[in-house]
Amino acid sequence: MISKETVLKVANLARLSVDEGKAERYSVALSAIFDHMEKLKAVNVAGIEPMTHVHGSKNVLREDVVEPSMPIQDVLLNAPDRNGQFIRVPLIKDHND
Amino acid sequence: MSELLTKNVSEMRQALDAGKVSALELVKASLAKIESLKSINAFISISSEEALKDAAMADAEIQKGLGKQKPLLGIPVAVKDMILTKGTKTTAASKILSNFVAPYDATVTVKLRQAGAVIVGKANMDEFAMGSSNETSFFGAVKNPWNVACVPGGSSGGSAAAVAARMVPLSLGTDTGGSIRQPASLCGIVGIKPTYGRVSRYGVVAYASSLDQVGPFATTVRDAAILTGVLSGKDPKDATSVEDKVPDFLSACARGVKGLRIGIPKEYFIEGLNKEVEKAIRDALVVLEKQGAKLVPVSLPNTELALPTYYIIAPAEASSNLARYDGVRYGHRADKPADLNDMYCRTRAEGFGDEVQRRIMIGAYVLSSGYYDAYYLRAQKVRALIARDFKEAFVSQCDVIACPASPSTAFKIGEKAADPISMYLSDVFTIPVNLAGLPGISVPCGFDSKGLPIGLQLIGKPFDEETLFAASAAYEDATDWTKRLPPVA
């Protein structure tokens, strides 16, 4: 069972605003989904390496070559709010902090 | 002219090179068909202007005889709206990206253009490719061309419906847990998920990076082979793409199946599998046997663990990948935020639909401190067991594995929308293939009593798409399923 409190904690980690009603619905829905994952707990995974890559992982390096970057106007094309060449965001700290 | 749209790519290319039709006429016919079948809702955006320009350029190239070098010259193609196309909207079917204009082309888009294809529009899909019915799209559900009361499957439902209804002969989809093979099956067309690493993911909106792969939809196996050849190859911009020679997939279609050992996994013929689907698959296996293939019973004992494993790993990767949608640099931003955190939280709650938020929550939970080992780490270990099952079957018992692509035919719109778990079960036969990183194809193999299509799934060894094409083409040649058209086509 995933409690409403856990839902609110996870929602905060995921940066999703969730009101009380939605938290209760998530608590029910996620609990049902996680019930289906219980069967994984019975599997013997002793000595099994976790699979992180399909074809085995190896580091991929490339030459450090200077290449043209995307033009600034293209980057700004999709900005929700801007000021000249800059993307505008809300205040992170209050002036009085 | 719309008659030409029912032909395969080779026939279209011949007609173009022979001057029987121009690329402009073909592309106009495709755009007219898309317009006349608007109610299917297969497209999120249509690029008429660019398409007509590209078609005129293709005609100039055809005049110069470039048709021999460019396998898709003048061919209209649809691209899933998960894949960036410079200068046009790429929304991932989400409100959060509903106004996002791609500032660059994905590598697969570049490859399509280099092959001469004309992109006519961006196909509808489940939001961020999360869904099995194409009902989670911010732009509305897609309808199945065989029965418009039914879903086309998902997540690449628009790409599948557009090809099934012959609006275009080819389209691109993406497949993270079955999102190409399941809609191909439900729409009665061919769809292949290449081996993980075969096709570049650069410029493709990320869902679950260790599982995502781009692949084609086509009306015939040979058309799918042509497009797979165009898309494949190492891309320096995607470190997971693999340096491996791209074989001639079209030639592989002529190999036949004499002596081919086809593994039949007993774990895929279980309770819950629709009886009519099972019969069609068994009949298809008999056809392949008559062609000279040997049917071998195999066992993939960890199959039933694939679904819970996937629904830990994919949401975990998604919660991380989708953290980038924060309202800062692009996409939707909530109005009048009180502060930065308020902006993040409201932007994301407003911008993402229910299923996407649900998967982000699952992912954040399984990655959170205290649950990581019990869920995420354990799922990665079980994933290794699932991959090992396939490896062992391929090492000594069989060359290819055959099973259904989907446990049922197309279901009614709305039928499963309220029950996430029954929706998740739609991908029970396709998910193991993504977890193991293998190639898989769905080929039409019949219809149920309601006239809805059924798909045979063939699963291959890593980077052995050739055998999939050989077996699929042999089956296609012996049957006429891929020649049948839905009522709207």
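Throughout, a chain's letter reflects where its sequence line sits, starting with A, and its residues are numbered from 1. Computed from heavy atoms alone, side chains included, the values below leave out hydrogens, waters and symmetry copies. Values in this document were obtained by computation on a predicted structure and should not be read as measured data.
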Please report the shortest heavy-atom distance between [X] and [Y], naming the atom on each side.
X        : Y        : result
A/Ile87  : B/Val328 : CG2-O, 3.2 Å
B/Gln357 : A/Lys22  : OE1-NZ, 3.3 Å
B/Pro308 : A/His36  : CB-O, 3.6 Å
B/Tyr311 : A/Met37  : O-CE, 3.1 Å
B/Ala384 : A/Glu49  : CB-O, 3.6 Å
B/Gln380 : A/Thr52  : NE2-CG2, 3.4 Å

Counting heavy-atom pairs closer than 4.5 Å to chain A, which one of [options] comes out on top?
options                                : answer
B/Ala387, B/Pro462, B/Gly437           : B/Gly437
B/Tyr330, B/Tyr376, B/Tyr365, B/Tyr424 : B/Tyr365
B/Asp326, B/Ile421, B/Leu340, B/Leu97  : B/Ile421

Can you tell me how far the [atom1] atom of [X] sits from the [atom2] atom of [Y], to the nearest 0.5 Å?
X        : Y        : atom1 : atom2 : answer
B/Asn302 : A/Leu40  : CG    : CG    : 10.0 Å
A/Leu91  : B/Asp339 : CG    : CG    : 9.5 Å
B/Tyr371 : A/Ile2   : OH    : CD1   : 7.5 Å

**Q.** Parallel, tilted or perpendicular: rings of A/Phe34 and B/Tyr375 (30°, 60°)
**A.**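 Because their plane-to-plane angle is over 60°, the rings of B/Tyr375 and A/Phe34 count as perpendicular.
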**Q.** Neighbourhood of chain B inside residues 64-75 of chain A, taking heavy atoms under 4.5 Å as contact
**A.**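 Heavy-atom contacts from residues 64-75 of chain A to chain B are A/Met70, A/Asp74.
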Q: Using a heavy-atom cutoff of under 4.5 Å, enumerate the residues of residues 9-19 of chain A that contact chain B, numbered in order, or state 'none'.
A: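 Residues in range: A/Val10, A/Ala11, A/Asn12, A/Leu13, A/Ala14, A/Arg15, A/Leu16, A/Ser17.
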Answer yes or no: is there a donor N or O on one side and an acceptor on the other, between the side chain of [X] and the main chain of [Y], under 3.5 Å?
X        : Y        : value
A/His55  : B/Tyr196 : yes
A/Asn78  : B/Gly331 : no
B/Arg378 : A/Val43  : yes
A/Arg62  : B/Pro236 : no

Does any heavy atom of chain A fall under 4.5 Å from the side chain of [X], the backbone, both, or neither of them?
X        : result
B/Leu435 : backbone
B/Ala436 : backbone
B/Met343 : side chain
B/Tyr310 : neither
B/Thr195 : side chain
B/Glu350 : neither
B/Arg358 : both

Q.
So for A/Arg82, is it side chain, backbone, both, or neither that comes closer than 4.5 Å to the heavy atoms of chain B?
A.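 The answer is neither part of A/Arg82.
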Q.
If I measure from the heavy atoms of chain B, does A/Leu76 come under 4.5 Å with its side chain, its backbone, both, or neither?
A.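 For A/Leu76, there is no contact with chain B at all, as no heavy atom is under 4.5 Å.
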Would you say the side chain of [Y] lies within less than 4.5 Å of the side chain of [X], judging by non-hydrogen atoms?
X       : Y        : answer
A/Met51 : B/Ile386 : no
A/Val89 : B/Arg333 : yes
A/Ile48 : B/Arg383 : no

(Q) Counting only heavy atoms not in A/Phe86 (residues, nucleotides, ligands), do more than 12 fall under 6.0 Å from its CZ? (A)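 Incorrect, the count does not exceed 12.
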(Q) If you count heavy atoms of other groups shown closer than 6.0 angstrom to NZ of B/Lys234, is the number above 12? (A)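 Counting neighbours around NZ of B/Lys234, more than 12 heavy atoms of other residues, nucleotides or ligands fall under 6.0 Å, so yes.
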Q: Among the options A/Val45, A/Leu77, A/Val7, pick out the one with the most heavy-atom pairs lying under 4.5 Å from chain B.
A: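 Max contact count across the listed options: A/Val45.
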